[in-house]
Structures are given as structure tokens and as C-alpha cells.
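Shown next, in C-alpha cells, is the structure this report addresses.
Positions are given from 1 along the sequence. Quantities reported herein were computed from a predicted structural model and do not represent experimental measurements.
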Amino acid sequence: MNDKVVLITGGTSGIGKALAFSFGRAGARVAFSGRNEQGLAQTSQELTLAGIDHLAIRADVSVEAQCRRMVQETVDTYGRLDVLINNAGISMRALFEELELDVIRKVMDINFWGTVYATKYALPYIQQSKGSIVGISSIAGYRGLPARTGYSASKFAMHGFLETLRTELLHSGVHVLIACPGFTASNIRNTALAANGQQQGETPRDEQKMMSAEEVADRILQATIKRKRDLVMTTQGKLAVWINKLFPSLADKLVYNVMAKEKDSPLKKA
């Protein structure tokens, strides 16, 4: 990654922030975006202390014009772009029958359209450098999760988009990676949207038993260097993908039962 230029969306917390440090320590120059000024300033200060060359960009990936500006600022500053990591994302938790439709729109705007916008404007530069486009997805992009209709839909859409793009670019030298961390200790469950669109405010899962954001970031770094197609990180995630392919009816029951055991789950306990 020496002297490579990496642009990370949603880089002020969780996996995105860990990716900034992981790629930066590997020698990359790191541009990262976020919506929160305080988060941008804090991450920038920490990267400076770590001696990582970086650029903080305030941008909302759900806004096309801001994605265009984000890419342009990166290229104007560093003169090139080698890796785009589509990390910005938001989750939700509510039964579809109780869900306000604006929640799904917001999740799709950030998770799916944010990926589309950033990739559209970064692609010409990635093609020049024969670099990488990375999508930070989820097992929810392989297997629909109950009470996460909007989130699963956005990740299925991301998978379809990136898989198709990979095929279109098959002979271009551009690398496309879909990375699925599984449940990771991060802020995404605290900021997940409830049925009415408000943040749920607390995680329903035991964060201490999850893979750390730093370990996830290091694995994504290695997968990018090795130019892998797909990365499913946890044993639970790999089992979910495998069982869903071979025994879909069993997967329905297993996934339901697992998600029903979450704290304050909207699902009825089996």
C-alpha cells in the first residue's frame, strides 16, 4: 500500500475508522469522509498522532453532489485514487408491518445509493490505476435477516451492483471486493433506526463477544492486497451462507430463532 491513495466513506467510527488506521499504517495516504464535524476532527487528530498522511472530508454519501465533491477533493489533493472503500452504512430494526417506509428509503439512500454514487465518480480514477473497489457489506446481503428488511434489501442491492460491476470490468484490471464482516463491535447497532426512524440508542447484542473493528480492518486490508473477490469473516457467517444455499428452509428457522433471542427482539420467541 506504499503511496497508494485510499478513500474510505464513513471513516469516523467503527470499521471505517479502523480501516483508516490499518491502510495508513500499511503506507497508504488516506482520505476519509463523514457527516459529523466532531468525528472528523477527532479521527484526523488521532491519524496525525499516528503519523498517517490523511485528508478529512465532510460529506453525506446519500447526496450525489457531495460524493462527486468527495472524490474530486481526494484527487485534487493526492493526484490519484487507488482504492475506494464503500463503508458508510446505517442499520435498522423493526418488523416490516410496523415500519415507516421512510426508514427503508433512508437506509437504501446511504447503504446502496451511497455506494453507487461514490463508485460512479471514483471509477475513472480507479480504472487509471487498475485499483480496487471495496464494498463493506454484511451476511444480510446473502441471507435476509428478520426485523432488518431495509438493511438486508440494501445489502442485497449492494451485492448485485458490485457483482455486476466486477463482471463488466473483468478485463479492465480493476479489482472488486465484497467484504462481509458478520457481527462486529461497532456503533452501527446504537445508531440503527427503529420503526419510527429514530435511533434505537443501544445495542441489542453483546458487543464484547464480537470481532473487533481493528481485526475486521486488517482482514480487509489483506484481502485488498491479495485482490480477493469475496471475504466472509466469521464462522457463523460462513455457516449462514452455506446453510442458506443448501438448506434454505432450515436456514429460515435457524435465523429466526437466533434473531428472536436478541434483547427486546420484535420477533416472537420460538
Side-chain angles (χ1 to χ4, degrees), residues 1-12 15-34 40 43-44 47 50-59 61 63-89 112-137 158-181 216-231:
M1 283 293 142
N2 283 338
D3 296 323
K4 300 289 187 184
V5 176
V6 180
L7 172 58
I8 304 165
T9 66
T12 60
I15 293 172
K17 185 174 182 177
L19 284 165
F21 280 92
S22 186
F23 276 78
R25 288 175 180 137
R29 293 171 287 176
V30 178
F32 68 97
S33 71
L40 286 167
T43 302
S44 179
L47 289 169
I52 294 172
D53 187 347
H54 66 277
L55 172 68
I57 305 169
R58 186 175 184 183
V61 296
V63 180
E64 181 182 352
Q66 292 189 30
C67 284
R68 183 192 298 117
R69 174 178 54 78
M70 172 184 71
V71 171
Q72 195 60 54
E73 283 189 29
T74 302
V75 175
D76 287 347
T77 300
Y78 293 118
R80 60 184 294 157
L81 180 55
D82 299 278
V83 181
L84 168 67
I85 304 181
N86 290 294
N87 169 74
F112 174 64
W113 281 109
T115 297
V116 171
Y117 295 148
T119 302
K120 178 66 174 178
Y121 294 107
L123 184 57
Y125 304 104
I126 300 289
Q127 287 175 308
Q128 287 176 17
S129 63
K130 298 188 185 301
S132 298
I133 296 168
V134 181
I136 308 302
S137 186
M158 175 191 274
H159 279 217
F161 168 67
L162 291 175
E163 188 173 88
T164 304
L165 184 65
R166 178 196 288 142
T167 308
E168 289 183 2
L169 298 172
L170 191 61
H171 303 293
S172 70
V174 173
H175 163 236
V176 178
L177 166 66
I178 301 175
C180 298
V216 169
D218 287 343
R219 291 191 183 198
I220 292 170
L221 169 64
Q222 292 305 314
T224 303
I225 291 171
K226 294 175 182 177
R227 296 174 80 87
K228 289 188 174 182
R229 298 176 75 259
D230 301 285
L231 178 65

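Minimum heavy-atom separation, V83 to V134: CG1-CG2, 4.3 Å. Minimum interatomic distance between F23 and V6 (heavy atoms only, all atoms of both residues): CD2-CG2, 3.8 Å. K130 approaches S172 most closely through the heavy-atom pair NZ-O, 3.3 Å. Across all non-hydrogen atoms, the minimal contact from F32 to H54 is CE2-CD2, 3.9 Å. In terms of heavy atoms, G114 sits closest to C67 at O-SG, 4.3 Å. When all heavy atoms of A56 and L40 are compared, the pair lying nearest together is CB-CD2, 4.2 Å.
To the nearest 0.5 Å, the span separating CD1 on I52 from OG on S44 amounts to 11.0 Å. Once rounded to the nearest 0.5 Å, the distance linking CD1 of I220 with CG of N87 reads 7.5 Å. Note: R25 CZ to M1 CE = 15.5 Å, rounded to the nearest 0.5 Å. To the nearest 0.5 Å, atom CZ of residue R219 and atom OG1 of residue T224 are 14.0 Å apart. Taking OG of S33 as the reference point, atom CE of M70 lies at 5.0 Å (rounded to 0.5 Å). Here CG of N86 is found 11.0 Å from CD1 of I8. Values are rounded to the nearest 0.5 Å.
In terms of modelled atom types and a separation under 3.5 Å, the side chain of Y117 and the main chain of A65 share no donor-acceptor contact. One N or O on the side chain of H175 and one on the backbone of K228 form a donor-acceptor pair closer than 3.5 Å. Not a single donor-acceptor pair under 3.5 Å links the side chain of R80 to the backbone N or O of S129. Panel note: side chain T119, backbone T115; a donor-acceptor pair is recorded below 3.5 Å. In this structure, the side chain of T9 engages the main chain of A88 through a donor-acceptor pair within 3.5 Å. Between the side chain of D53 and the backbone N or O of R29 there is no donor-acceptor pair closer than 3.5 Å.
In this structure, Q222 and L231 have side chains that are not in contact, with every pair of non-hydrogen atoms separated by 4.5 Å or more. R166 is listed as a side-chain neighbour of D230, based on a closest heavy-atom distance under 4.5 Å. Residues I126 and L169 are not in side-chain contact: their nearest non-hydrogen atoms beyond the backbone lie 4.5 Å or more apart. Contact check for Y121 versus E64: side-chain heavy atoms found under the 4.5 Å cut-off.
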Query raised in the report: After noting the C-alpha distance and the side-chain angles of V71 and K120, does the key distance pass the side chain to side chain contact (heavy atoms under 4.5 Å, CB included) rule?
Result: CA-CA 10 Å; V71 171; K120 178 66 174 178; over 6 Å; no

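Heavy-atom neighbours of E73 CD from other residues, nucleotides or ligands within 6.0 Å: above the threshold of 12.
Of the residues listed (I225, L81, D82), the one engaging K4 in a side chain to side chain contact (heavy atoms under 4.5 Å, CB included) is D82, and it is the only one.
Using a 30° and 60° split on the angle between ring planes, F112 and F161 fall in the perpendicular class, above 60°.
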